[in-house]
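Side chains included, hydrogens not; waters and symmetry mates left out as well; all remaining heavy atoms used. Here is the naming used below: chain letters follow the sequence lines, and residue numbers restart at 1 for every chain.
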There are 2 protein chains.
Amino acid sequence: MSQSQPASARSGVVELDAIDRHILAILQRDARIPNTELADEVGLTPAPTLRRVRRLEEEGIIHRYVALLDPKQVGRDLMVVVRVTLDKQTKQGFETFAEHMRNRPEVLECYLCLGDTDYLLKVCLPDLDAYQKFLVDVLAAIPGVRNTASTIVVKQEKYTTSLSLE
Amino acid sequence: MSQSQPASARSGVVELDAIDRHILAILQRDARIPNTELADEVGLTPAPTLRRVRRLEEEGIIHRYVALLDPKQVGRDLMVVVRVTLDKQTKQGFETFAEHMRNRPEVLECYLCLGDTDYLLKVCLPDLDAYQKFLVDVLAAIPGVRNTASTIVVKQEKYTTSLSLE
DNA sequence: GTTGAAATAACGTAAAC
DNA sequence: GTTTACGTTATTTCAAC
């Protein structure tokens, strides 16, 4: 190796050792585990464990800690995936649409995509009535929306936010 | 009201008052907020605040606490949404497929859907090379998979796990 | 049934090594 | 990475509304 920099400095991606990956795997499962317990699980004492967690937070590898709710128990029984195409694909049109989606709390995810579909949305709502209102009052009201195609979710077979770090 | 039971007991959906919803909104933003601070924000003292949080956990309204990572910083630069249709729609075929998806860490979400599409998948991987391997070695290898259509995500315009509790 | 106050135990955190 | 020490927090108990 003639390079003097480590891989992390060259690529911009921070190098993670086995213990870091172990910490991340655990925190992705249980964000509220006490530091002492986390330290036990990864085979370190609390001090260096806490230093690693703080580093992972500061580097932005750990983006945030969140509580996940049960949608059904809070009255969100309907999930819909929507494919959206825009009339004319201008920078302004894209930005307008994305901004609208960011302002709508029922829109959990919004992705700009390759192919026939311009945007993919994941929308979570109480029922079909609320969804119909969303289609008409929100989506159809955004200038430049040509077409939408809705796929209704019947059953959630898997849902995880955990990235496997192999 | 002639009913002797409260609404929560009748519907199976737990009743949430304004403070509960406030707590849930905060914990969905920051799962690691100290209980003392949470108490301040919702206008209670720590003891009753903690009791409410524990109740929300026990009832399963709070499903879990997780750390969300930055996919790019852990080398997961590619996200793909896949529509899958099965050959014959038998109970066994569905269950086999769903079980395969649950065992694949790169599959973050899997939904059984109405309409032309049988399953929708959200898959997160390092690059297109890894995705090609996933298509050939994983998806195509599952018996009963008739057809797949992949939509590649170019940009994540919005991503949240927070449910708005209006 | 829910809250508030006080006491204890557990934990997070920083320093020195 | 370890040990020690300190301040903060979680958690329980019990009294009050």
Side-chain angles (χ1 to χ4, degrees), chain A residues 6-9 14-70 73-75 162 165, chain B residues 1-70 73-74 162 165:
Chain A
S8 58
V14 184
E15 194 78 358
L16 300 172
D17 67 16
I19 296 178
D20 289 329
R21 290 197 297 272
H22 197 177
I23 289 173
L24 291 173
I26 293 168
L27 289 176
Q28 284 188 105
R29 278 195 281 104
D30 178 10
R32 296 190 84 168
I33 186 174
N35 185 56
T36 48
E37 204 174 315
L38 179 63
D40 271 353
E41 286 205 39
V42 302
L44 291 178
T45 50
T49 304
L50 187 62
R51 278 198 291 265
R52 281 168 181 264
V53 172
R54 291 287 175 266
R55 201 196 77 226
L56 293 166
E57 290 169 357
E58 278 156 23
E59 283 165 342
I61 293 172
I62 295 175
H63 179 243
R64 65 197 317 193
Y65 300 97
V66 302
L68 300 180
L69 308 189
D70 178 355
Q73 289 210 56
V74 294
S162 282
L165 304 180
Chain B
M1 289 267 274
S2 60
Q3 307 245 9
S4 58
Q5 295 173 312
S8 59
R10 285 202 305 279
S11 65
V13 175
V14 184
E15 193 80 358
L16 299 173
D17 67 16
I19 297 179
D20 288 329
R21 289 196 298 271
H22 197 178
I23 289 173
L24 292 174
I26 293 169
L27 290 177
Q28 285 187 105
R29 280 194 279 103
D30 178 8
R32 297 189 82 168
I33 187 173
N35 184 56
T36 48
E37 203 174 314
L38 179 63
D40 271 352
E41 287 204 37
V42 303
L44 290 180
T45 50
T49 304
L50 186 62
R51 271 196 296 271
R52 281 169 181 262
V53 171
R54 291 287 175 265
R55 200 196 76 225
L56 293 166
E57 291 168 357
E58 277 156 25
E59 283 165 342
I61 293 172
I62 296 175
H63 180 243
R64 64 197 317 192
Y65 301 97
V66 302
L68 299 180
L69 309 189
D70 178 354
Q73 289 209 57
V74 293
S162 283
L165 304 180

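Interface limits on DNA chain C: the 5'-most and 3'-most nucleotides within less than 4.0 Å of chain B heavy atoms are C:dT3 to C:dA5.
Inter-axis angle, ends of the helix from C:dG1-D:dC17 to C:dC17-D:dG1, five pairs per end, rounded to 10 degrees: 30°.
Between A:Glu57 and A:Arg54 there is a salt bridge, with a side-chain nitrogen of the basic residue lying less than 4.0 Å from a carboxylate oxygen of the acidic one. A salt bridge between B:Arg52 and B:Asp17 is present, with a side-chain N of the basic residue lying under 4.0 Å from a carboxylate O of the acidic one.
For the pair B:Glu41 (side chain) and B:His22 (backbone), a donor-acceptor distance under 3.5 Å is absent.
Proximity of A:Thr45 to the phosphate of D:dT2: a side-chain N or O atom is located under 4.0 Å from OP1 or OP2.
Here the CD atom belonging to A:Glu15 is positioned 11.0 Å from the CD atom belonging to A:Glu59, to the nearest 0.5 angstrom. A distance of 8.0 Å separates CG of B:Leu68 from CD of A:Gln28, quoted to the nearest 0.5 Å.
Counting heavy atoms from C-beta outward, B:Leu16 and B:Ile61 have side chains that approach closer than 4.5 Å. Looking at heavy atoms from C-beta onward, B:Ile62 lies out of side-chain contact with A:Asp70 at the 4.5 angstrom threshold.
Rounded to whole Å, atom C1' of D:dA10 lies 18 Å from atom CZ of B:Arg52.
Between A:Asp20 and A:Arg55, the closest heavy-atom pair is OD2-NH2, 2.9 Å. Looking at every heavy atom in both residues, B:Ala67 comes nearest to A:Ala31 through N-CB, 3.7 Å. Residues B:Leu27 and B:Ile33 come closest through the heavy atom pair CD2-CG2, 3.8 Å.
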Under 3.5 Å between N/O atoms: give me all the protein pairs with nucleotides 11-17 of chain D, atom names plus distance.
unit_1	atom_1	unit_2	atom_2	d
D:dT11	OP1	B:Arg54	NH2	3.1
D:dT11	OP2	B:Arg54	NH2	2.4

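Across all strands shown, A:Pro48 has heavy atoms under 4.0 Å from base atoms, whether or not it also approaches the sugar-phosphate.
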